[in-house]
Amino acid sequence: MRDPLSVLTDAFTSFLFGKVETTRLPVRTSTGQAQAVYLPTAAPGLGDSGVIIGREVYSGKGYIYDPFQLYGQQLPAPHWLVLGESGNGKSALEKTYVLRQLRFRDRQVVVLDAQGEDGVGEWNLIAEELGITPIRLDPTAALDHGIRLNPLDPAITTTGQLALLRTIIEVAMGHGLDERSGFALKVAHAYVNESIVERQPVLTDIVERLRHPEPESAEAMNVAIDDVRAWGLDVALVIDRLVDGDLRGMFDGPTTVGIDLDAPLIVFDLSHIDRNSIAMPILMAIVGVWLEHTWIRPDRKKRIFLVEEAWHIINSPFVAQLFQRLLKFGRRLGLSFVAVVHHLSDVVDGAAAREAAAILKMASTRTIYAQKADEARATGRVLGLPRWAVEIIPTLTPGIAVWDVNGNVQVVKHLITETERPLVFTDRAMTESSTDFADDALRAAELEAEERAAAFMEQHIGDSSESTVA
């Protein structure tokens with residue numbers, strides 16, 4: 001029962017202003033309709049067209065990424081850099097991304113597979129599942145009629161051949177060619193291409209011509225023939241050592257017939273090459289230039305060139321220069337270059353710092369998995385990441401990464417289907433007898449990371465002005 005004073009007050013108010021209370025009928029609604037009353041906030045997404053990656057950690061929204069769909073207004077370049085320490089999910093991300101891209105009929109992928117497992121490259125399972133035989137570059141197998149790629153393949157332009165020869169020699173020597181050595185190489189290459197027409201010229205032909213230059217080449221420059229021979233001697237020795245050393249059998253013969261460049265997935269298995277030798281950057285340079293002239297065509301296909309252990313490319317100024325040209329050229333023909341690197345310090349502090357910076361600048365998409373705090377700070381400075389992202393990188397657990405797509409920074413949990421799971425994990429030797437336990441542990445770790453990350457965001461950037469209505 002209401003007190004007399006309240007009754008009197010209400011009566012007086014009604015007399016002055018009219019009746020102020022109304023009887024509101026009950027409303028029945030669904031949670032789907034009622035959610036509009038309390039609008040959630042989250043960072044803007046990348047659209048709904050392309051390849052599903054997983055879900056954004058803080059909003060739970062599906063995260064979709066495709067450089068070909070985003071290229072133009074949202075993405076100035078289609079190239080992608082993936083960073084992070086081993087065991088955090090880089091390999092699983094790359095493999096599921098490729099498998100999902102291949103569901104589009106106009107996609108084609110080349111992978112340089114530099115890591116091995118069980119005597120084969122780690123992409124071997126996926127290749128087998130798709131009915132594809134990897135192109136295994138192996139010095140031992142090459143001597144027994146294995147796969148060969150010819151740097152002097154007629155499919156490569158003469159300008160491309162000469163640039164590739166210079167790169168091979170400069171990587172092996174550790175410094176650039178001087179003018180005299182460069183001249184000796186140029187005249188030897190020109191003579192070999194002009195005089196050998198009944199077969200493919202090969203590297204040993206270049207070596208032979210450097211040792212025995214033509215008198216016309218000396219006369220053209222008004223120098224003695226012995227001088228031209230002396231200028232080319234070091235170059236001849238380097239090429240001879242390469243074709244008879246770490247790279248023997250793989251590049252000193254005609255290109256193997258039957259390499260299917262029209263397959264949806266092409267895997268170059270480099271796992272039998274010593275990753276710490278000069279053979280690896282030379283190998284990547286030869287494969288890259290060969291693909292540039294034989295694989296990339298103006299046929300409206302969207303191509304992805306994924307390179308494991310990409311620091312072999314970015315950390316060599318000579319190889320990096322070749323790939324810079326490939327990236328600029330390929331962008332006009334629908335090429336997305338994906339570089340996978342463990343640490344950014346592997347490339348930005350090396351001899352090719354300028355070339356590395358140029359390639360990093362072309363990569364408008366950056367995905368960063370867990371790193372130690374000092375490495376995360378260095379990565380943040382180089383890539384221009386916001387402070388909150390730098391602080392959260394050391395706390396990330398496997399499968400969760402910071403994605404920076406042309407300034408759109410989000411934390412994303414990569415999702416793997418049960419069909420994909422046996423194809424993408426590369427630690428079978430460690431987990432084959434305890435799969436269920438490992439899966440449970442991974443899911444528990446992911447849940448813990450999400451809760452910790454959500455708490456961090458609520459504390460530090462819950463009222464960020466950069467958020468938007470979902």
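By convention here, the first residue in the shown sequence is residue 1.
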- Task: Check step by step if side-chain hydrogen bond (donor to acceptor under 3.5 Å, both in side chains) holds for Thr167 and Glu170.
- Result: CA-CA 5 Å; Thr167 299; Glu170 288 171 336; 4.9 Å; no
Which atom pairs, one a donor and one an acceptor, fall under 3.5 Å between side chains of residues 81-89 and the rest of the protein, sequence neighbours left out?
residue: Glu85; atom: OE2; partner: Lys372; partner atom: NZ; Å: 3.4
residue: Ser86; atom: OG; partner: His342; partner atom: ND1; Å: 3.4
residue: Asn88; atom: ND2; partner: Glu85; partner atom: O; Å: 3.2

Grab the two heavy atoms, one from [X] and one from [Y], that are nearest each other, plus how far apart they are.
| X | Y | answer |
| --- | --- | --- |
| Thr294 | Ala155 | CG2-CB, 3.6 Å |
| Ala376 | Val390 | O-CG1, 3.7 Å |
| Ser336 | Pro78 | OG-O, 2.7 Å |
| Pro422 | Leu125 | O-CD1, 3.8 Å |
| Pro151 | Leu149 | CD-O, 3.4 Å |
| Leu137 | Leu270 | CD1-CD2, 3.7 Å |

Distance in Å, [X] [atom1] paired with [Y] [atom2], rounded so as to fall on 0.5 Å steps:
| X | Y | atom1 | atom2 | value |
| --- | --- | --- | --- | --- |
| Gln161 | Thr159 | CD | OG1 | 9.0 Å |
| Glu292 | Leu164 | CD | CG | 10.0 Å |
| Ile239 | Leu165 | CD1 | CG | 6.0 Å |
| Leu423 | Glu128 | CG | CD | 10.0 Å |
| Met362 | Leu360 | CE | CG | 10.0 Å |
| Leu70 | Asn408 | CG | CG | 9.5 Å |

- Task: Only counting residues at least two apart or in another chain, list the ones meeting salt bridge (charged side-chain N to carboxylate O under 4.0 Å, His left out) with Asp234.
- Result: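 Salt bridge (charged side-chain N to carboxylate O under 4.0 Å, His left out) check on Asp234 returns nothing, list empty.
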- Task: Applying side chain to side chain contact (heavy atoms under 4.5 Å, CB included), run through Ile64 and Ile53 and close with a yes or a no.
- Result: CA-CA 6 Å; Ile64 296 173; Ile53 299 296; over 6 Å; no
Tell me whether [X] contacts the main-chain N or O of [Y] through its side chain, where contact means a donor paired with an acceptor under 3.5 Å.
| X | Y | answer |
| --- | --- | --- |
| Thr96 | Leu93 | yes |
| Asn406 | Gln74 | yes |
| Thr379 | Glu375 | yes |
| Ser364 | Leu75 | no |
| Arg366 | Leu383 | yes |
| Glu420 | Thr417 | yes |
| Gln108 | Ala263 | yes |
| Arg100 | Ile52 | yes |

Within the 4.5 Å heavy-atom criterion, are [X] and [Y] side-chain neighbours or not?
| X | Y | value |
| --- | --- | --- |
| Leu396 | Val402 | yes |
| Phe337 | Ile304 | no |
| Leu291 | Phe268 | yes |
| Glu122 | Asp113 | yes |
| Asp269 | Asn124 | no |
| Arg136 | Val120 | yes |
| Val111 | Val307 | no |
| Val51 | Phe104 | yes |

- Hey, mind stepping through Arg297 and Asp262 against salt bridge (charged side-chain N to carboxylate O under 4.0 Å, His left out) and telling me if it holds? CA-CA 11 Å; Arg297 289 164 283 184; Asp262 294 319; 3.0 Å; yes
- Message: Go through it in stages, so that I can follow the logic: the residues are Asp66 and Arg107, the test is salt bridge (charged side-chain N to carboxylate O under 4.0 Å, His left out), and I'd like the CA-CA distance, side-chain angles, deciding distance and then a yes or no.
- Response: CA-CA 12 Å; Asp66 191 300; Arg107 301 292 197 263; 3.0 Å; yes
- Arg303 to Trp295, cation-pi by 6.0 Å centre distance and 45° axis angle: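 The answer is yes; both the distance and angle limits are met.
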- Item | The single option from Leu265, Val267, Val98 passing side chain to side chain contact (heavy atoms under 4.5 Å, CB included) against Ile126 |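 Exactly one pass, corresponding to Leu265.
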- Query: Between Glu56 and Lys413, is a salt bridge (charged side-chain N to carboxylate O under 4.0 Å, His left out) present by the stated rule, with each step listed?
  - Reply: CA-CA 6 Å; Glu56 202 272 325; Lys413 176 185 178 183; over 6 Å; no
- Start with the C-alpha gap between Asp299 and Leu333, add the side-chain angles, then the distance that decides, and say whether side chain to side chain contact (heavy atoms under 4.5 Å, CB included) holds. CA-CA 8 Å; Asp299 56 5; Leu333 295 175; over 6 Å; no
- Task: Would you please test Tyr97 and Val109 for side chain to side chain contact (heavy atoms under 4.5 Å, CB included) and show each step?
- Result: CA-CA 11 Å; Tyr97 175 73; Val109 182; over 6 Å; no
- Task: Would you please say whether a donor-acceptor pair under 3.5 Å links the side chains of Asp153 and Thr255?
- Result: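 Their side chains do contain a donor-acceptor pair, which is all the 3.5 Å distance test asks for.
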- Check the side chains of Glu94 and Ser91 for a donor-acceptor pair under 3.5 angstrom, ignoring hydrogens and angles.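 Not at all, the side chains of Ser91 and Glu94 share no donor-acceptor pair under 3.5 Å.
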- Please walk me through it: do Val338 and His79 pass side chain to side chain contact (heavy atoms under 4.5 Å, CB included)? CA-CA 6 Å; Val338 184; His79 308 307; over 6 Å; no
